[in-house]
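Fair warning: this is a prediction, and the values are worked out from it, not measured in the lab.
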Amino acid sequence: MQTSSSTETDETIGLTGGAAAVVGREVEAAEGSKLSRRDRRAAKKAAKMAAEAHVDKRHAFKLWLYVAPLLILVFLFSYVPLFGWIYAFYDYQPPIPLSESKFVGLQWFEMMVQNPAQLRTIGQVLLNTFAMSGLNILTSFLPVIFAIALNEIRAKWFKNLIQTLTTLPNFISWVLVYSIAFAMFSSTGMVNDLLQNLHIISEPIKFLDSPDQVWLKMLLWNLWKGLGWGSIMYLAGIAGIDPELYEAAQVDGANRFQQIIHVTIPQLMPTYFVLLMLSISNFLNNGMDQYYVFQNAFNQKWIQVLDLYVYNVGMGQNSLSLGTAISMLKSLVSVGLLLLVNWLSKRTRGVGIV
């Protein structure tokens with residue numbers, strides 16, 4: 001009698017192996033002893049919780065094994081290279097080994113604040129960096145609007161077509177993007193030829209080799225390349241919204257636009273704020289590829305952001321130690337910005353990303 005009862009209990013719990021055996025023994029002991037029904041029920045519940053905890057630990061260990069390769073890659077490519085910061089404290093001149101280079105301490109850091117010409121250059125570079133990053137943050141809501149507009153398209157084939165066409169530019173390298181820009185907007189490009197043939201202009205417009213509106217041009221190219229890709233996460237967020245919220249809004253008489261305002265946008269705000277905080281923490285990290293391929297002698301003053309300046313100093317001027325020192329300060333400031341926006345998020349929204 002006890003054996004059949006124990007078997008039924010194990011099947012109910014749905015466990016296998018040693019955990020099921022433990023539950024069965026504890027349940028048999030509880031039923032064989034002279035305990036009240038409430039005590040036997042409590043014993044069964046305790047045995048079930050113990051078995052589930054054992055299964056949860058094994059499941060958590062498997063999940064950790066899945067994440068381990070990614071953690072190893074992050075360690076190798078994000079933390080091991082930090083050893084290169086040591087070059088900022090030496091007068092390193094390749095191909096001389098670092099062990100034979102002269103130790104100069106904080107000389108390169110002092111040079112950045114004591115040399116007036118260096119200060120002016122860094123000031124202009126920071127102005128460009130702040131302008132580019134600020135414009136990107138101010139337009140960070142555009143992927144949200146685009147995702148909502150894309151979700152409202154009822155024709156599935158047309159929706160897939162638009163999503164594909166707007167996502168493809170993300171997979172094109174900036175070198176190919178500049179090739180497209182040169183073919184279209186150079187002095188002998190398609191746009192100038194068309195405008196001249198239509199007698200709209202008499203001389204070619206210098207779209208690429210002009211210092212005018214450089215920040216706006218870079219913003220537009222960045223939006224063209226990344227708008228579709230940036231909307232994917234918001235489309236996933238829209239797909240995860242509970243349909244009952246829309247049904248409740250319809251019952252209350254809300255039209256489609258009101259459902260977007262009162263349901264879709266509030267549900268997307270947590271995702272938007274997390275991405276916004278990450279953008280603010282990466283305020284000084286504009287990347288280099290886009291600005292490197294678009295830079296020339298005419299626009300270099302206004303297009304040179306911090307990452308591009310570090311590259312030009314380190315590789316162009318063959319001053320790897322100074323470039324490392326500037327990059328080191330940039331990384332420390334970025335970490336400080338991340339901690340600051342995380343603190344502000346916890347104070348204002350009650351949740352953070354760290």
Novice: Do V293 and V177 touch side chain to side chain, with heavy atoms closer than 4.5 Å?
Specialist: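 V293 does not reach V177 side chain to side chain.
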
Novice: Rounded to the nearest 0.5 Å, how far does CE of M111 lie from CG of L106?
Specialist: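 Between L106 CG and M111 CE, I get 14.5 Å after rounding to 0.5 Å.
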
Novice: Identify, with sequence neighbours excluded, every residue that meets ring-ring contact (aromatic ring centres under 6.0 Å, His included) alongside W343.
Specialist: none

Novice: Assess the side chains of T188 and D193: does a donor N or O sit below 3.5 Å from an acceptor N or O?
Specialist: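 No, because no side-chain N or O of T188 sits under 3.5 Å from a partner of the opposite role on D193.
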
Novice: Check whether more than 12 heavy atoms from other residues, nucleotides or ligands sit under 6.0 Å from atom CE of M233, and answer yes or no.
Specialist: no

Novice: Kindly say whether G228 contributes a backbone atom to a donor-acceptor pair with the side chain of S231 at under 3.5 angstrom?
Specialist: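 Answer holds: yes.
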
Novice: Less than 3.5 Å apart, which donor and acceptor atoms pair up between the side chains of residues 213-223 and the rest of the protein, not counting sequence neighbours?
Specialist:
| unit_1 | atom_1 | unit_2 | atom_2 | d |
| --- | --- | --- | --- | --- |
| W215 | NE1 | W302 | O | 3.0 |
| K217 | NZ | F207 | O | 2.6 |
| K217 | NZ | D212 | O | 3.1 |
| N222 | ND2 | N136 | OD1 | 3.2 |

Novice: Other residues, nucleotides and ligands only: do more than 12 of their heavy atoms fall within 6.0 Å of CZ on F109?
Specialist: yes

Novice: If the condition is ring-ring contact (aromatic ring centres under 6.0 Å, His included), which residues does F171 pass it with, not counting sequence neighbours?
Specialist: W229

Novice: So do K206 and D209 actually touch side chain to side chain, heavy atoms under 4.5 Å?
Specialist: yes

Novice: Considering only residues two or more places apart or on different chains, which pairs with a residue in residues 239-249 satisfy side chain to side chain donor-acceptor pair (under 3.5 Å)?
Specialist: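 For residues 239-249: Y246-T264.
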
Novice: For F103, which residues count as a ring-ring contact (aromatic ring centres under 6.0 Å, His included) partner, sequence neighbours excluded?
Specialist: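 Testing F103 for ring-ring contact (aromatic ring centres under 6.0 Å, His included), a comparison that skips the adjacent residues, returns Y90.
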
Novice: Give me each pair satisfying side chain to side chain donor-acceptor pair (under 3.5 Å) with a member in residues 98-122, each pair once, sequence neighbours excluded.
Specialist: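 Of all non-adjacent pairs touching residues 98-122, those that pass side chain to side chain donor-acceptor pair (under 3.5 Å) are Q118-Y309.
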
Novice: How about M315: does its CE atom have over 12 heavy atoms from other parts shown lying under 6.0 Å from it?
Specialist: no

Novice: When you measure from the side chain of T129 to the backbone N and O of L306, does any donor-acceptor pair fall under 3.5 Å?
Specialist: yes

Novice: What residues join V113 in its hydrophobic cluster, counting side-chain heavy atom gaps under 4.5 Å, either direct or through other members?
Specialist: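 Its cluster mates, by chain and number: none.
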
Novice: Among residues two or more places apart or on two chains, list those pairs meeting salt bridge (charged side-chain N to carboxylate O under 4.0 Å, His left out) that have a residue in residues 154-183.
Specialist: E152-R154

Novice: Between the main-chain N or O of L135 and the side-chain N or O of T139, is there a donor-acceptor pair closer than 3.5 Å?
Specialist: yes

Novice: Can you list the residues that meet the ring-ring contact (aromatic ring centres under 6.0 Å, His included) rule with F283, with sequence neighbours excluded?
Specialist: F130

Novice: Rest of the hydrophobic cluster containing Y66 (Ile/Leu/Val/Met/Phe/Trp/Tyr, side-chain heavy atoms under 4.5 Å)?
Specialist: L63

Novice: Tell me, which pairs form a salt bridge (charged side-chain N to carboxylate O under 4.0 Å, His left out) where one or both residues lie in residues 66-85, sequence neighbours left out?
Specialist: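 Qualifying pairs: none.
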
Novice: Show me the pairs that pass salt bridge (charged side-chain N to carboxylate O under 4.0 Å, His left out) and involve residues 302-327, at least two apart or across chains.
Specialist: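 The answer is D307-K330.
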
Novice: Are Q124 and Q304 side-chain neighbours, meaning at least one heavy-atom pair lies under 4.5 Å?
Specialist: no

Novice: Quick one: pull up OH in Y234 and CD1 in I265 and give me the separation to the nearest 0.5 Å.
Specialist: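 Between atom OH of Y234 and atom CD1 of I265 there are 12.0 Å.
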
